[in-house]
Amino acid sequence: MEKRLDRSFFEIDALTLARKLLGCTLVHNGPDGKTAGVIVETEAYRGQVDKAAHSYGKKPGGRTAVQFGPGGYAYIYLIYGIHECFNVVAGAEGEPECVLIRALAPTEGVPLMVGRRHREKVEELCSGPGKLCKAMASRRELYGCDLCGEELYVIEGAVADEEVAATPRIGVGYAEEAALYPWRFIIKESHFLSLPYPKEK
DNA sequence: TGTCCGATTGGT
DNA sequence: CCAATCGGACAG
């Protein structure tokens, strides 16, 4: 029944991985308990060709070091001095790519999430990159954590193309031409997105 | 060493 | 609309 994704699943380009992660379930099995949610919103970042990526034009080392390693590890960084964002490293060794997880539909550990977030509504527990990190206790201590391990892992899942939309990424207006790349993927009808998807006519 | 600013969020 | 809050990136 429940199958955990193995290393090979993550060893592909970030664009492909971002799409394939929709419908999969991210699990955090930490000291305080277990939380999990279905991935409903992702964004691809490709360091070799993408001005919006932290690893763009960079050599291995520093904040993005883990991105240069093999796929299937956690890239977590501090944003605005306050929040943290969780990414899945994509691609093979030497390819600095990753997928930002932007929203989840909670499936397990909701009371734990409520306690960590100080919010009651399930729809708002994980509806943004910083929110889901807080809800799942993804602190920077998990930087470089193996996603094929026991504390952090992903369960296989899928969604049909008709349920998916691709849009420009959020908050990357500074990235010139890359700002318009349709590298954000969402499950359109999900009620757990960071931004509502406009009604189709 | 110093300054600038962000892959955000929550409260005015 | 705006403050919070800090480390990475880059200029000097």
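What you see is a predicted model; the values in this text were computed from it and never measured. Here is how names work: the chains are called A, B, and so on, in the same order as the sequence lines, proteins then strands, and each is numbered from 1.
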ask   = Nearest heavy-atom pair of Pro106(A) and Cys126(A): which atoms, and what distance?
value =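 Nearest heavy atoms, Pro106(A) then Cys126(A): CG-SG, 4.1 Å.
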
inquiry  = Expected output check: what is the dot-bracket annotation of DNA chain B, where ( ) and [ ] are pairs inside the strand (brackets for crossing ones), | is paired with another strand, and pairs are Watson-Crick or G-U under 3.5 Å?
reply    = ||||||.||||.

Value in whole Å for how far the [atom2] atom of [N] lies from [atom1] of [X]:
X: Glu41(A); N: dT8(B); atom1: CD; atom2: P; value: 10 Å
X: Leu15(A); N: dA7(B); atom1: CG; atom2: C1'; value: 16 Å
X: Glu43(A); N: dG6(B); atom1: CD; atom2: P; value: 16 Å
X: Lys131(A); N: dG11(B); atom1: NZ; atom2: C1'; value: 13 Å
X: Glu176(A); N: dA7(B); atom1: CD; atom2: P; value: 14 Å
X: His54(A); N: dG7(C); atom1: NE2; atom2: C1'; value: 11 Å
X: Leu125(A); N: dG10(B); atom1: CG; atom2: P; value: 10 Å
X: Ile170(A); N: dT9(B); atom1: CD1; atom2: P; value: 10 Å

ask   = In residues 90-121 of chain A, what residues come within less than 4.0 Å of DNA chain B, judged by heavy atoms?
value =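 Listed by number, they are Cys98(A), Leu100(A), Arg102(A), Arg117(A), Arg119(A).
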
Donor + acceptor pair across side chains of Tyr45(A), Glu43(A) (<3.5 Å) =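 There is such a pair (donor and acceptor under 3.5 Å, judged by atom type) between the side chains of Tyr45(A) and Glu43(A).
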
key: Partner residues of Tyr181(A) under the ring pair (Phe, Tyr, Trp, His ring centres under 6.0 Å) criterion, sequence neighbours left out   =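 Ring pair (Phe, Tyr, Trp, His ring centres under 6.0 Å) list for Tyr181(A), sorted by chain: Trp183(A).
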
ask   = Which value, rounded to the nearest 0.5 Å, describes the distance between Glu124(A) atom CD and Ser194(A) atom OG?
value =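 It comes to 12.5 Å.
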
inquiry  = Quick check for you: to the nearest 0.5 Å, what is the distance between Tyr73(A) atom OH and Cys98(A) atom SG?
reply    =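 Here the interatomic distance stands at 16.0 Å.
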
task = For dC10(C) and dA7(B), measure between their P atoms and round to the nearest Å.
result =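 It works out to 13 Å between them.
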
key: Whole-Å C1' distance, dC2(C) and dC5(B)   =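 Looking at atom C1' only, dC2(C) and dC5(B) are 15 Å apart.
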
Any salt bridge between [X] and [Y], counting N to O under 4.0 Å?
X: Glu84(A); Y: Lys131(A); answer: no
X: Glu177(A); Y: Lys51(A); answer: yes
X: Lys121(A); Y: Glu123(A); answer: no

request  = Could you tell me whether a side-chain N or O of Gln67(A) sits under 3.5 Å from a main-chain N or O of Thr64(A), the two making a donor and an acceptor?
outcome  =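 Absent.
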
request  = Check whether NZ of the Lys or CZ of the Arg Arg140(A) lies under 6.0 Å from the centre of the six-membered ring of Tyr77(A) and within 45 degrees of that ring's axis.
outcome  =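 Arg140(A) over Tyr77(A) ring: no.
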
Under 3.5 Å, which donor-acceptor pairs link side chains of residues 21-36 of chain A to any protein atom two or more places apart or in another chain?
from     : atom 1 : to        : atom 2 : distance (Å)
His28(A) : ND1    : Met136(A) : O      : 2.6
His28(A) : NE2    : Glu151(A) : OE2    : 3.0

key: Stretch residues 61-88 of chain A: residues that reach within less than 4.0 Å of DNA chain C through a heavy atom   =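 The stretch gives Arg63(A), Leu78(A), Tyr80(A), Gly81(A), Ile82(A) as the residues lying under 4.0 Å from the strand, ordered by number.
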
task = Could you list all the salt bridge (charged side-chain N to carboxylate O under 4.0 Å, His left out) pairs where at least one residue sits in residues 13-28 of chain A, not counting sequence neighbours?
result =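 Every salt bridge (charged side-chain N to carboxylate O under 4.0 Å, His left out) pair that includes a residue of residues 13-28 of chain A, provided the two are not neighbours, is Arg19(A)-Asp161(A).
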
Stacking check Tyr174(A) vs dG6(B) (5.5 Å / 30 deg) =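 The base of dG6(B) is not stacked with Tyr174(A) (the test needs centres under 5.5 Å and planes under 30°).
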
message = Can you identify which nucleotide, out of dG10(B), dC10(C), dA7(B), has its nearest atom closest to the Lys58(A) side chain?
response =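 Taking heavy atoms from C-beta onward, the closest nucleotide is dC10(C).
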
